[in-house]
Number of protein chains: 2
Amino acid sequence: MQPGTPDDDWREDCAPRRVLELFATKWTSMVLHTLHARHDGAARTGVLQRSLPGISKKMLTQTLRDMEGSGLLDRLVRSTMPPAVEYRLTELGRRFVEPVELLYGWGRDNADALDQLVPRPGSRRT
Amino acid sequence: MQPGTPDDDWREDCAPRRVLELFATKWTSMVLHTLHARHDGAARTGVLQRSLPGISKKMLTQTLRDMEGSGLLDRLVRSTMPPAVEYRLTELGRRFVEPVELLYGWGRDNADALDQLVPRPGSRRT
DNA sequence: CAGTATCCGTTACGATACTG
DNA sequence: CAGTATCGTAACGGATACTG
């Protein structure tokens, strides 16, 4: 492992890097977790919105659309009036909940370390 | 757990969300892993750059500076000519390697699922 | 209630050229 | 070799108003 031989685990298309992409989109992992936390792995739009403090309607829809396109969740529309839309984790979605829960769990167990890291926002370097 | 009672695990300042911030900056986790993969948890600038295909000099420096500021790594400058700079994981840094390795490991074990998700870039919706 | 469309600011990121 | 400075772009993401 000499300094001239990069052992690069980080090729552009390697698995780890693609997992990271999942977390690159701010809300994706949170949606996954929220759905997972529900008994049946499903929730209506409003519930999701309320479960994710700070998300805008636009980002919620956009994230859900992207996830649907990726096959992470299904969209069930009940054409009542007013409409009731439900989002449900797919098989693939349930799979990706795993790494999310991994991080989630680590965070809960290491809140102290998180307090050391970036104690308060806006202290990068003035 | 009625639909009107958000069980929000996702408060703005909750632990999980702060962990996610670590992965929000594209290169941070990769730097952590790369350093961790080295016997002594340290590496010179050039090695890091070569280990992270695609990173620009700017982002490398910026990421390293941010991480230094956050206390994730130390910067050791050897004022020779030409200069030799070494980056080394701190105690805190070694701690945050954990969630990174968690994701990394999951990715390796689930490459098949990753192939299903986003088969090829640029297929969002034309 | 769910979704769309538009406007707009911020930031992440990359390419390049230059200094010590 | 390491780092800085500058420029430009693309994407993220929020606010708001409107439709069914």
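Convention: sequence-line order gives letters A, B, ...; per-chain numbering from 1. Since the structure is predicted, the reported quantities are computational estimates derived from the model, not experimental observations.
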Presence of B:Arg65 side-chain N/O under 4.0 Å of D:dT4 phosphate oxygens OP1/OP2: yes
Integer-rounded Å distance: C:dC13 C1' and B:Gln49 CD: 14 Å
Footprint string (nucleotides 14-20 of chain C, 5' to 3'): B base within contact, S backbone only, - free, heavy atoms under 4.0 Å: BB----B
Atom CZ of B:Arg78: over 12 foreign heavy atoms under 6.0 Å: no
Atom-to-atom span, OH of B:Tyr87 to C1' of D:dC1 - whole angstrom: 11 Å
N/O (side chain, A:Thr61) to phosphate O (OP1/OP2, C:dA2) under 4.0 Å: no
A:Leu60 CG - D:dA15 P separation (whole Å): 14 Å
Rounded to 10 degrees, the angle between the two terminal axes of the helix from C:dC1-D:dG20 to C:dG20-D:dC1, each from five pairs: 30°
side-chain N/O A:Arg75 vs C:dG3 OP1/OP2, d < 4.0 Å: yes
Cluster overlap A:Leu48 with A:Val77, hydrophobic side-chain contacts below 4.5 Å: yes
Whole angstrom value for the distance that separates P of C:dA12 from CG of A:Leu20: 17 Å
Side-chain donor/acceptor of A:Arg94 to backbone N/O of A:Leu89, under 3.5 Å: yes
Inter-residue atom distance A:Asp74.CG - A:Thr90.OG1, 0.5 Å rounding: 6.0 Å
Exercise: identify the closest heavy-atom pair between B:Arg11 and A:Pro53: CA-CG, 4.5 Å
d(CD, B:Glu86; P, D:dC1) in whole Å: 16 Å
Shortest non-hydrogen contact between A:Gly107 and A:Leu114, atoms and distance: O-CD1, 3.8 Å
Side-chain N or O of A:Arg44 closer than 4.0 Å to phosphate OP1/OP2 of C:dA2: yes
Nearest-Å distance for atom pair CE/C1', residues B:Met67 and C:dA12: 16 Å
Geometric class of the A:Phe23/B:Phe23 ring pair [parallel <30°, tilted 30-60°, perpendicular >60°]: tilted
Over all atoms of both residues, closest heavy-atom pair of B:His36 and B:Val97: CG-CG1, 3.3 Å
Presence of B:Thr25 side-chain N/O under 4.0 Å of C:dA12 phosphate oxygens OP1/OP2: no
Between C:dA12 (P) and B:Met30 (CE): distance, integer Å: 15 Å
Straight-line distance of A:Arg88 CZ to A:Glu68 CD, nearest 0.5 Å: 14.0 Å
A:Gln62 CD to C:dT4 C1', straight-line distance once rounded to whole Å: 12 Å
